[in-house]
Number of protein chains: 2
Amino acid sequence: MGRQPSAKPTSFDIAYLAGVSQPTVSRALRGSKSVSAATRANIQRIAQELNYTVDKNASSLRSQRTHTLALLFFEDPNPDESMINPFFLSMLGSITRECARRGYDLLISFQQMHNDWHVTYQDSHRSDGIILLGYGDYQLYLTKLEHLVEMGTKFVRWGSVSEDGIGLTVGSDNVGAGEQAGAHLVEVGRRRIAFLGDASDHAPEFQDRYDGLCRAMRAAGVEPDPALQRDAVSSEDSGYAAARSLIEGGQSFDAVFAASDLIAIGAMRALTEAGLRLPQDVAIIGFDDIPAASQTTPTLTTVMQDMKGAGTLLVDALLARIDDRPVEERILPARLIRRQSTAV
Amino acid sequence: MGRQPSAKPTSFDIAYLAGVSQPTVSRALRGSKSVSAATRANIQRIAQELNYTVDKNASSLRSQRTHTLALLFFEDPNPDESMINPFFLSMLGSITRECARRGYDLLISFQQMHNDWHVTYQDSHRSDGIILLGYGDYQLYLTKLEHLVEMGTKFVRWGSVSEDGIGLTVGSDNVGAGEQAGAHLVEVGRRRIAFLGDASDHAPEFQDRYDGLCRAMRAAGVEPDPALQRDAVSSEDSGYAAARSLIEGGQSFDAVFAASDLIAIGAMRALTEAGLRLPQDVAIIGFDDIPAASQTTPTLTTVMQDMKGAGTLLVDALLARIDDRPVEERILPARLIRRQSTAV
DNA sequence: CGCCATAGGGTATACGTATACGCATAATAT
DNA sequence: ATATTATGCGTATACGTATACCCTATGGCG
């Protein structure tokens, strides 16, 4: 242990010991084929022995490639700032793993979207590309995204996938998921299905889920009632408020499709408080399958997104974009998880 | 928008426009006092206009400071590899925020602790220091930590704080928290209190919590029964198994203190399946206050750690260590959250 | 009125790597 | 046997910044 004279070895040290020039060391270690197998093996052995590591900064400076991706969470400024949407957190695991697998580092930030966050990561050569995650008011960020595109910044976004979107988007099949949820509710005999979640341009994902619901209802010969839709952002409080509004609206309903589990959990509280029995009086479906969803009473039927696939696909897509390769797949299937809240 | 000839401006460009030399630009922007106020203001204005950003790689290469911290999660290899302990995830928010506040970037990794993870981050100049987070088998990592110390790597660890520990540790007051839990259980009339969690050198934090529990019991004149302790790692399955073992052990018990919420949730399942009523027959307390804890039936009494403070303190301590300043505070208070699972 | 300290900033260079070229030697073609 | 190409590597240099050192003008001081 600690044999080295404490100074970290450079490629020159390796070169000297191997009896070659410094560039040859560089070539050997990064797999250039213009170096003989014997020379390469020798260099690798020596590097190993000296615990040599390529200096990341020097390498990045010279090659203009950082082999680092930046992950940016953006959410509406939250009163409880320490709360992060659990859904995105669960994506973090697969993203870090995929980055590691591809030999990329991951830089992470929850900074509010201040004026120059894109400059921070791109122009200062901190990362080769950016992964954007976030619910929140979509419209607010559109101009920023356009700016990113203009600057030639490479990025991917998690969200509602559409061909005409800005930049590159990867996401779940929200419409299909909404259809599954709607079909399931119809199947268990519900006809008056409410939707809790913004159904506007501000939240395309939620809108897609609503569209899917409507499609499934119509396919079953049921006409959705617009009066049963209430706006809500993804939080318990918002779900609670939306459900209260629904109850006070006086319209009858026998099912609720919440655009997220947090909304659903808030709604369940409001419904229970109003004396409604779940699922007998009102069946309820959430979205995301957060851990808490299997702990609620009744346990919550929800839609599980493919988080592992999501991380992989996001990283894949971004790396493809960075290398100017075409991106192949962008939509991930989602799966309905049946639990007690819709049990007949 | 997009006014510049697309090439990113360098400090030479700024220097030329400001009529000064490149080093002066560097000095001005990093606040050296050997630059006049007027010159500095002018340089800053021009830099702003050109959207100039200091190149991170060049800067780090020259100064040998990256202004980046690395966050390393280590956990026992998990069958469900996409699952990350929710407790640590909630710390992530405060760590990223504190890093941002201090002008540091955060590099993140969930890589298994392979042979050379320390080399990866330290010797390749990716980060100035490392934050280590993880439950898992403590002993397994000791030699690695010793190695880190030998190499002069700067790091902090979240865990059980003790003066003789290896490296620098920041953590909650686990003993105090255990005492609070124990005192509460005694207060609601329980005497036969079981503990679920490793009580060995392998998990010092869990042991501290157990010690606190025992201390509180003895303070109330109750002698803890070693037969009521069961090993468990932080997962639902492990908690379930531990509770099963406890039930099958045949010893009577009227309360369970679980070393983590995940253990508690698994245990609740086992207890309920065994026909025991919560909290009438068995009161139960968890640890961590994960979101799911407020959704269980009954809702789970637990210990909330100061996650926001934790992130701040970890980053503070690490930066102090990096700058060779003394570290001031290292222990954070924890707070008991009373819910239905211990309601009299 | 000369001396020295100080402010303000220029000159030269180092940080450690990757790449454009050039130049041998050996292998193949003609 | 000469021209041609590929192989394997060395030489020179660029990436963009930060810092050690040097120089010039001032102003205070005796």
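In this text, all values refer to a predicted model and were calculated from it rather than measured experimentally.
Between B:R65 and B:D323 a salt bridge is recorded (basic side-chain N to carboxylate O distance below 4.0 Å). Ion pairing of B:K154 with B:D324 is present here, as a side-chain N (NZ or NE/NH1/NH2) and a carboxylate O approach within less than 4.0 Å. Checked for salt-bridge contact, A:D55 and A:K8 miss the test: no charged N lies under 4.0 Å from a carboxylate O.
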Distances under 3.5 Å only, N/O to N/O: pair up the protein atoms with those of nucleotides 13-21 of chain C.
residue : atom : partner : partner atom : Å
C:dA14  : N3   : B:R62   : NH1          : 3.1
C:dT17  : OP1  : A:Y52   : OH           : 2.4
C:dT17  : OP2  : A:S11   : N            : 2.6
C:dT17  : OP2  : A:S11   : OG           : 2.6
C:dA18  : OP1  : A:R30   : NE           : 3.4
C:dA18  : OP1  : A:S59   : OG           : 3.1
C:dA18  : OP2  : A:S26   : OG           : 2.5
C:dA18  : N7   : A:Q22   : NE2          : 3.3
C:dA18  : N6   : A:Q22   : OE1          : 3.0
C:dA18  : N3   : A:R62   : NH1          : 2.5
C:dT19  : O4'  : A:R62   : NH2          : 3.4

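Using a distance-only test at 3.5 Å, with no hydrogens or angles considered, no donor-acceptor pair links the side chain of A:S124 to the main chain of B:K56. Using modelled atom types, no side-chain atom of B:T24 and backbone atom of B:V20 make a donor-acceptor pair closer than 3.5 Å.
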